[in-house]
Each structure stands twice: as C-alpha cells, then as structure tokens.
Amino acid sequence: MIRTLNRTTLMLFLLLALAVGLFSLRYLAPEPPLGAPDVLANRFAGAALAIHAGLGATALILGPWQFFRRRDGRRGAGHRIVGVIYIVACLLSAPAGLLLAFGATAGPIAGLGFGLLALAWFSTTAMGLRAVRLGDYQAHRRWMIRSFALTFAAVTLRLYLFGGPLVGFAGLDAYRAIAFLCWVPNLLAAEVLLRMRPSSRLPAAAGR
Ligand code: HEM
C-alpha cells in the first residue's frame with residue numbers, strides 16, 4: 001500500500017484520521033462537550049451515538065496503521081490484533097450509524113445518504129472478514145481498502161462541513177448533499193486505486 005499511496009499521503013490520512021477520531025471520543029461523555037446540537041437532537045442519540053462515535057473513532061484511529069508495512073513487505077504480528085479490533089468496531093458502529101440515519105434531523109434525504117453509507121460500510125467490512133477467513137488475502141486487501149475508504153467518510157464529512165461554508169456551500173441542502181458526498185467519491189477513489197494496483201506482492205500466508 002505504501003507503494004500505492006506514497007508515505008506523505010498516508011501520513012496526511014493518518015493525521016486527519018487521528019484528529020477526527022480523537023475529537024469524536026467526546027461523545028463518550030454523558031454530556032458531550034462541543035457536541036453538535038443538531039446531532040444531539042437526533043431522536044436516536046444517546047446510547048446509539050456513544051456506541052457509534054466511540055467505535056467509529058476506534059476504527060478511524062486504528063485503520064490507517066493497517067496499511068503500513070515492515071521493510072520486508074510483511075505485516076507485523078500486530079496486524080492481526082489491530083485488524084480484529086478494527087473489524088469488530090466497524091461491524092458494531094455501522095448498525096448504530098444506521099439507526100442514527102433514521103433519526104437524522106436533516107430529514108430523509110440525509111438519512112438515505114447515511115443509511116446507504118452504513119450498509120456499504122458494514123458489507124465491505126464483512127466481506128473483508130470473510131475473505132481473510134477463507135485465506136484469500138488479495139480479496140481481503142481489496143475489501144479492507146474499500147472499508148477504510150468508507151470509515152474515512154467521517155473525515156471527508158467534516159472537511160466538507162468546515163470547508164464548504166468558505167465557498168458558500170452551507171445550510172440544510174448542503175448537509176443533505178454531504179450525506180452522499182462524504183462517501184461516494186471515497187469509494188470511487190478506492191476503486192481507481194484498486195484498478196491501478198489490482199494486487200499487492202503478498203508473501204506466504206504468515207506474512208500478509
Ligand atoms: C462510515 C459509516 C458511518 C455512518 C453511516 C455514520 C452515520 C452517522 C449518522 C447518521 C450520524 C448522525 C447525523 C445526524 O443526526 O445528522 C452520525 C454522527 C456522528 N458520527 Fe458517524 N457515521 C459513520 C462513520 C463514523 C466514523 C468512522 C466516526 C468516527 C469518528 C463517526 C463519528 C460520528 C460522530 C462523532 C457523530 C456526531 C456528529 C458530529 O459531532 O459531527 N462516524 N454518524
């Protein structure tokens with residue numbers, strides 16, 4: 001992956017993921033400091049929001065490390081442990097995100113965008129898990145790249161929310177569009193990346 005995305009790009013992804021992930025952990029507090037009022041008004045906020053944000057943040061913080069490789073091209077022993085935590089976090093955060101999508105205060109269009117994201121996030125992660133259990137490491141790599149592109153929607157969403165108003169892209173309609181824009185281009189970018197590098201040089205099973 002380092003050969004596919006250069007190290008500088010990967011470091012930028014890592015820093016953005018860490019910043020958004022760590023900041024999101026505030027939703028674990030009973031009365032979240034700096035919580036977004038519209039989100040706290042979501043009728044399913046509460047336990048679902050804490051589970052979703054806490055586990056989503058875990059996936060976001062851990063995910064980027066999985067793309068780093070040791071000098072010999074192998075994955076370290078930590079890859080398996082971190083991978084299990086990442087997958088469990090995604091598979092539990094996604095249903096909570098789906099529930100929140102039904103209560104989005106921005107209405108059904110925003111709810112549809114987030115709901116489809118939740119389904120895609122759960123499916124790609126589950127496919128990545130299935131592939132690794134079958135020993136198909138190339139398919140595992142492809143599904144996990146797609147999964148992380150969707151996890152990264154948490155970052156792109158916030159880039160749109162903060163950057164949008166600078167170019168007049170703000171308000172409820174912008175938020176509804178962002179519910180799709182935060183993840184569809186990410187998934188397309190992942191597909192482009194996978195077409196450019198359809199496979200990676202994977203050593204024997206022990207070293208994936
Ligand atoms: C990728 C699939 C995801 C889906 C489907 C999803 C869905 C949602 C939904 C529907 C809401 C409520 C929005 C509203 O009521 O208007 C929400 C809020 C939130 N989500 Fe996610 N989310 C996803 C990923 C993540 C990740 C990876 C994180 C980790 C950082 C995260 C952290 C949060 C936080 C912190 C909020 C509160 C909103 C805010 O303060 O801006 N989400 N999410």
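Counting starts at 1 for both ligands and their atoms, in listed order. Just so it is clear, the model here is predicted, and its values are computed rather than measured.
Annotation: atom 30 (C) of ligand 1 to nearest protein heavy atom, Ser24 OG, 3.3 Å. The shortest contact between atom 2 (C) of ligand 1 and any protein heavy atom is with Trp121 CE3, 3.0 Å. Protein heavy atom at the shortest distance from atom 10 (C) of ligand 1 is Ala101 N, 3.4 Å. Nearest protein heavy-atom contact of atom 14 (C) of ligand 1 is Tyr175 OH, 3.5 Å. Closest protein heavy atom to atom 38 (C) of ligand 1: Val39 CG2, 3.5 Å. Looking only at protein heavy atoms, the nearest one to atom 41 (O) of ligand 1 is Arg158 NH2, 3.3 Å. Protein heavy atom closest to atom 8 (C) of ligand 1, with residue, atom name and distance, is His52 NE2, 3.5 Å. Distance from atom 3 (C) of ligand 1 to its nearest protein heavy atom, with residue and atom name: Leu117 CD2, 3.7 Å.
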Show the numbers, then the answer: is there a side-chain contact (heavy atoms from CB on, under 4.5 Å) between Leu60 and Val20? CA-CA 8 Å; Leu60 195 57; Val20 172; 3.8 Å; yes
Applying side-chain contact (heavy atoms from CB on, under 4.5 Å) to Phe114 and Leu98, what does each step give before you reach the verdict? CA-CA 7 Å; Phe114 290 130; Leu98 182 61; over 6 Å; no
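Counting heavy atoms closer than 4.0 Å to ligand 1, residue Arg43 contributes nothing at all. Heavy atoms of Phe114 found under 4.0 angstrom from ligand 1 belong to the backbone as well as the side chain. With a heavy-atom cut-off of 4.0 Å, Tyr27 touches ligand 1 through its side chain alone. Residue contacts with ligand 1 for Asn42 involve side-chain atoms from C-beta outward but no N, CA, C or O (heavy atoms, distance under 4.0 Å).
Both the sub-6.0 Å distance and the 45° axial angle are not jointly satisfied by Arg146 relative to the ring of Phe148.
Tyr86 places a side-chain heavy atom less than 4.5 Å from the side chain of Met144.
Every atom of ligand 1 is numbered from 1 in the order shown, and the set under 4.0 Å from a heavy atom of Arg26 is 40 (O). For ligand 1, the atoms lying closer than 4.0 Å to a non-hydrogen atom of Gly56 are 26 (C), 27 (C), 28 (C), 29 (C). Using a 4.0 Å cut-off to heavy atoms of Leu60, the atoms of ligand 1 that qualify are 30 (C). Annotation for ligand 1: atoms under 4.0 Å from non-hydrogen atoms of Thr151 are 27 (C).
Assignment of Ala57 to the shell around ligand 1 is supported, since a heavy atom sits closer than 4.0 Å.
Between the side chain of Asp136 and the backbone N or O of Ala131, no donor-acceptor pair lies under 3.5 Å. Between the Ser93 side chain and the Cys90 main chain, no donor and acceptor come within less than 3.5 Å of each other. Gln66 places no side-chain N or O within donor-acceptor distance of the main-chain N or O of Val82, the cut-off being under 3.5 Å. Formation of a donor-acceptor pair under 3.5 Å by the Arg26 side chain with backbone atoms of Phe23 is found in this model. No donor-acceptor distance shorter than 3.5 angstrom exists from the side chain of Thr124 to the backbone of Trp143, with no hydrogens or angles considered.
Note that the OG atom of Ser147 and the NE2 atom of His140 stand 9.5 Å from one another [nearest 0.5 Å].
Heavy-atom proximity to atom 26 (C) of ligand 1, evaluated over Gly35, Ala154, Ala118, Ala179, is greatest for Ala154.
The aromatic ring centroids of Phe13 and Phe152 lie less than 6.0 Å from each other.
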